[in-house]
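First up is the structure itself, then whatever we jot down about it.
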There are 2 protein chains.
Amino acid sequence: MISQKAKYALRALVLLARAGADGSAMIIADISEQQNIPRKFLEQILLDLKRHGLLESRRGKNGGYALLKPADMITFGEVLRIIDGPIAPLPCLSKMAYKRCADCQGEANCEVRRVFAGVAEATRAVLDRTTIADAISDETELATEF
Amino acid sequence: MISQKAKYALRALVLLARAGADGSAMIIADISEQQNIPRKFLEQILLDLKRHGLLESRRGKNGGYALLKPADMITFGEVLRIIDGPIAPLPCLSKMAYKRCADCQGEANCEVRRVFAGVAEATRAVLDRTTIADAISDETELATEF
DNA sequence: GACTAAATCTACCTAATAAGTAGAGATAAA
DNA sequence: TTTATCTCTACTTATTAGGTAGATTTAGTC
């Protein structure tokens, strides 16, 4: 299960992508209200996305958030990794945070690892190839991609 | 990430499948030792798997655990659902525990849901088709299945 | 019938994480 | 200088992960 936080992040990005091909910014309060996301929680999320280079912001009057990275360059995988951390189903299958299982006796022989490697590959195939732009484009497209 | 508990469950099942095509039982202590799983924790796990019909047990001398369900009928997905609960990445995509997102405004239009539906399908394709028997069979088989 | 080897049951513990809340501070425009 | 906005830091509260502990039941053996 992905976290509520990640869901919020993705929804906010989708909204900003819809609003902002033209670079127009949205303020936190409006995003929060339109998407029903707790405002102070959303602040932290957007800040985090900004620090990772997905968003830009301006303070004060006429301020707000807008996409910095183009919507077709932001993958779902990237967002999930920022907000939730590694996507891989096992630490020993993570690219961003590889960690050997404490009690592992030889990864090459690990049946569990072998099976989940397939899962990891399958999920990456979707998450690292699907962008925010894909998500808001023609609805039928996604279903037929593979 | 799957839980440590689920990893333990799968490793124990793999071990029992290896040991027990002939119906021979293994005692908790031995499984615990061979797989480096905390003993008391493993007890709970095996009990749970038994209650769900995957294992059978006998108490007292010459007791132990053995597979009740054949190894080629136990999928990784089944085990994960028993130990960790729903596999789906979103509650609104779970078959075993469907739950509408509190703030959802129309699932059909939800971009996030649409993308993760693809993820769910991809992971189910692996987890619900791969059995314990597959996991211990010829190593090259899994990689080339799809 | 006592002893011993197992599984079973129930309760508890501790640290980390999820999902927020609170409030003061910085900055930009009018 | 006032107001609208983002920014920073700290706190809270409930749940879950990953176990431990100990008493109890059951089945075979001496």
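Chain letters run A, B, ... following the sequence lines, proteins first, then strands; residues in each count from 1. Values in this document were obtained by computation on a predicted structure and should not be read as measured data.
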TODO: Could you check whether B/I28 gets within reach of a base, just the sugar-phosphate, or nothing at all, counting any heavy atom under 4.0 Å?
DONE: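 If one applies the 4.0 Å heavy-atom cut-off, B/I28 turns out to touch the sugar-phosphate alone, with no base involved.
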
Once you round it to whole Å, what is the distance between [atom2] of [N] and [atom1] of [X]?
| X | N | atom1 | atom2 | value |
| --- | --- | --- | --- | --- |
| A/N62 | C/dT27 | CG | P | 18 Å |
| B/K61 | C/dA5 | NZ | P | 6 Å |
| A/N36 | C/dA19 | CG | P | 16 Å |
| A/D48 | C/dA19 | CG | C1' | 15 Å |
| A/Q4 | C/dT21 | CD | P | 12 Å |
| B/I27 | C/dT8 | CD1 | P | 13 Å |
| B/L46 | C/dC9 | CG | P | 13 Å |
| A/D84 | C/dA19 | CG | P | 8 Å |

Open item on the list: Within the 4.5 Å heavy-atom criterion, are B/R124 and B/R129 side-chain neighbours or not?
Closed with: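 Side-chain contact under 4.5 Å: no.
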
Open item on the list: Is it true that B/D134 and B/S137 share a donor-acceptor pair across their side chains at a distance under 3.5 Å?
Closed with: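 Looking only at side-chain atoms, B/D134 and B/S137 do not form any donor-acceptor pair under 3.5 Å.
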
Task: No-hydrogen, no-angle side-chain donor-acceptor test under 3.5 Å, B/D84 and B/S3 - done: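 Distance-only check passes for B/D84 and B/S3.
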
Open item on the list: According to a hydrophobic-cluster definition based on side-chain heavy atoms being under 4.5 Å apart (Ile, Leu, Val, Met, Phe, Trp, Tyr only), do A/L127 and A/I82 belong together?
Closed with: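 Yes, it is one cluster - the side chains of A/L127 and A/I82 are joined through contacts under 4.5 Å.
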
Task: Salt bridge present between B/D103 and A/R11 (N-O < 4.0 angstrom) - done: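 Salt bridge between B/D103 and A/R11, a charged N being under 4.0 Å from a carboxylate O: yes.
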
Task: Residues, nucleotides or ligands: over 12 heavy atoms within 6.0 Å of B/E121 CD - done: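 Check fails, neighbour count at 12 or below.
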
Task: Verdict with reasoning, B/E78 to B/K69, per salt bridge (charged side-chain N to carboxylate O under 4.0 Å, His left out) - done: CA-CA 12 Å; B/E78 181 176 10; B/K69 202 165 174 177; 2.9 Å; yes

Open item on the list: For a quick test of reading the model: is some side-chain N or O of A/Y8 closer than 4.0 Å to OP1 or OP2 of C/dG20?
Closed with: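 Checking A/Y8 against C/dG20: at least one side-chain N or O falls below 4.0 Å of OP1 or OP2.
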
- [ ] Check whether any side-chain nitrogen or oxygen of B/K50 sits under 4.0 Å from OP1 or OP2 of C/dT8, and answer yes or no.
- [x]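 Indeed, a polar side-chain atom of B/K50 lies that close.
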
Open item on the list: Pick the closest DNA chain C nucleotide for A/R59 and for B/G60 by heavy atoms, then say which residue is nearer the 5' end.
Closed with: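 Its nucleotide being nearer the 5' end, the pick is B/G60.
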
- [ ] Return the nearest nucleotide to the side chain of A/R58; candidates are C/dG20, C/dA28, C/dA24.
- [x]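 Nearest nucleotide to the side chain: C/dA28.
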
Task: Contact interval (first through last nucleotide) of DNA chain D with protein chain A, 4.0 Å heavy-atom - done: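 Range of nucleotides within reach of chain A: D/dA4 to D/dA10.
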
TODO: Return the 5'-most residue of the pair A/Q44, A/G63 with respect to DNA chain D, ranking by each residue's nearest nucleotide.
DONE: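 Its nearest nucleotide lies further toward 5', so the answer is A/G63.
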
